[in-house]
Amino acid sequence: MARPQPNLTGVLPPRYYGTEWQPPCRHDEDAALRLASPQAIVELLRPLLDERRAARLDEVAASRLGGVVVVLEDLHDRHNGGAVLRSCEAMGIREVNIIASRERFRVSEKVTQGADKWLDVLEHKSTEASLSSLRQRGFRLAAAVPGVTMQLTDLDPLTPTALLMGNEHAGLTKEARAFCDVEFAIPLHGFSESLNLSVATALCTFSMTSRRRAALGRRGDLDEAGLWDLRARYYLRDVRGALTIVRQRLAS
């Protein structure tokens, strides 16, 4: 019998204070990109970074994958929430979608280690809104469901894919599974029949991103315009007071 889960859609119990995820503010970043092109932003801010830091930002941006996204439906544990974001960022995934229809998304900042600063994390209040949007954008919706016939390694890495991961106790909802194009399982070869949610997500993202890079023959899959935009955003996130600096340099 599944353990009862607390309802976190209303007021958070005291033990959950400070754990609800808050999206990084992108106001200054967006404002700067309304003032100048991404190429101009990079040119204006690069002199403020040392060569090693600028090279690192460029390298990470060039390694980002837009063709693999992760969808988390009603995660419960804050450590899992933090670990998933950190794993996705480490694997070079650009976007994570959060469905918070029954449980508010929470993280442990000690686990996340600021990884969400470099991710596009999109929040949705309903499963339908999230999955409909991804399908309209051309993603294959693939649900992680233990025990099904199709294996993770059977998924074509060249097809843009949204990997759906469900609640730790209840798994994906019937609604989410009904929306999906395919269901897959992680190959397991031991006595254990399941994995921790954050571990399962890490394995799925490692498999899909590694195989996608190998199939494409390059580190990332962003087109030229997308890569310039991401480089500019990373520069803006890394330089303190970047919006003020951009305004001043454009004025001069």
Side-chain angles (χ1 to χ4, degrees), residues 18 20-70 72 81-98 105 107-124 130 133-134 136-139 160 162 205 209 212-213 216-252:
E20 186 172 6
W21 180 77
Q22 297 297 321
C25 179
R26 301 282 193 244
H27 177 270
D28 285 0
E29 180 180 311
D30 293 336
L33 284 164
R34 287 193 293 270
L35 295 174
S37 69
Q39 292 92 329
I41 295 290
V42 170
E43 183 179 348
L44 289 170
L45 296 181
R46 191 178 183 99
L48 302 177
L49 297 164
D50 65 52
E51 285 301 314
R52 290 183 61 185
R53 184 57 178 171
R56 180 61 175 154
L57 292 173
D58 291 346
E59 177 189 20
V60 172
S63 299
R64 285 297 191 222
L65 294 172
V68 180
V69 305
V70 169
L72 307 173
V84 167
L85 292 186
R86 190 169 174 180
S87 294
C88 288
E89 196 284 321
M91 292 301 105
I93 286 175
R94 181 173 182 177
E95 178 183 321
V96 176
N97 285 258
I98 305 298
F105 185 59
V107 298
S108 166
E109 293 185 356
K110 290 182 179 180
V111 177
T112 307
Q113 294 288 301
D116 53 336
K117 175 180 179 179
W118 308 105
L119 292 168
D120 293 338
V121 182
L122 310 180
E123 291 189 278
H124 307 270
S130 174
S133 174
L134 286 165
Q136 290 172 4
R137 291 166 56 194
F139 284 94
T205 54
T209 57
R212 184 169 176 81
R213 290 189 174 97
L216 291 170
R218 59 182 187 273
R219 292 177 297 164
D221 63 6
L222 302 182
D223 60 19
E224 184 177 3
L227 182 54
W228 273 111
D229 180 78
L230 190 59
R231 287 181 65 198
R233 290 182 182 277
Y234 281 1
Y235 279 46
L236 289 163
R237 292 173 200 178
D238 207 58
V239 175
R240 187 186 298 271
L243 176 59
T244 300
I245 293 168
V246 169
R247 283 173 172 163
Q248 291 175 344
R249 297 200 168 191
L250 287 174
S252 63

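Residue indices begin at 1 and follow the sequence shown. Note that the structure is predicted; figures quoted are calculated from it, not measured.
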Taking 4.0 angstrom as the limit, do [X] and [Y] come out as a salt bridge?
| X | Y | answer |
| --- | --- | --- |
| Arg94 | Asp221 | no |
| Arg137 | Glu95 | yes |
| Glu89 | Arg64 | yes |
| Arg233 | Asp229 | yes |

query = Got a sec, which residues hit side chain to side chain contact (heavy atoms under 4.5 Å, CB included) with Arg219, two or more places apart in sequence or on another chain?
reply =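 Arg219 satisfies side chain to side chain contact (heavy atoms under 4.5 Å, CB included) with Glu59, Ala62, Ser63 only.
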key: Tyr234 side-chain N/O to Ala61 backbone N/O, donor-acceptor pair under 3.5 Å   =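 No; zero donor-acceptor contacts below 3.5 Å.
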inquiry  = Between Ser252 and Arg249 (side chain of the first, backbone of the second, donor and acceptor by atom type, cut-off under 3.5 Å), is there such a pair?
reply    =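 The answer is yes, because a donor-acceptor pair under 3.5 Å joins these two groups.
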ask   = With respect to Ile93, which candidate in Thr205, Asp120, Leu85 satisfies the side-chain contact (heavy atoms from CB on, under 4.5 Å) definition?
value =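 So the option named by the test is Thr205.
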The single option from Asp28, Leu33, Leu45 passing side-chain contact (heavy atoms from CB on, under 4.5 Å) against Val246 =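 Single side-chain contact (heavy atoms from CB on, under 4.5 Å) partner of Val246 among Asp28, Leu33, Leu45: Leu45.
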inquiry  = To the nearest 0.5 Å, what is the distance between OH on Tyr235 and CG on Leu44?
reply    =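 The CG atom of Leu44 is 12.0 Å from OH of Tyr235, to the nearest 0.5 Å.
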key: Ser130 side, atom OG; Leu122 side, atom CG - distance, nearest 0.5 Å   =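 Answer for the OG-CG pair, Ser130 versus Leu122, is 8.0 Å.
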Shortest non-hydrogen separation from [X] to [Y] and the atoms involved:
| X | Y | value |
| --- | --- | --- |
| Ala242 | Leu236 | CB-O, 3.6 Å |
| Ile41 | Ala32 | CD1-O, 3.7 Å |
| Cys88 | Leu119 | C-CD2, 4.4 Å |
| Leu222 | Leu227 | CB-N, 4.1 Å |
| Leu250 | Ala36 | CD1-CB, 4.1 Å |
| Ile245 | Arg240 | CD1-O, 3.6 Å |

message = Please determine whether the number of non-hydrogen atoms from other residues, nucleotides or ligands lying under 6.0 Å from atom CD of Glu43 exceeds 12.
response =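 Atom CD in Glu43 is not crowded, with 12 or fewer foreign heavy atoms closer than 6.0 Å.
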task = Quick one: do Asp58 and Arg46 satisfy salt bridge (charged side-chain N to carboxylate O under 4.0 Å, His left out)? Show the steps, please.
result = CA-CA 11 Å; Asp58 291 346; Arg46 191 178 183 99; 2.8 Å; yes
query = Hey, mind stepping through Leu65 and Arg213 against side-chain contact (heavy atoms from CB on, under 4.5 Å) and telling me if it holds?
reply = CA-CA 9 Å; Leu65 294 172; Arg213 290 189 174 97; 3.7 Å; yes
Determine whether [X] and [Y] make a side-chain contact, defined as any pair of heavy atoms from C-beta on separated by less than 4.5 Å.
| X | Y | value |
| --- | --- | --- |
| Leu57 | Arg231 | no |
| Leu72 | Ile98 | yes |
| Arg237 | Lys117 | yes |

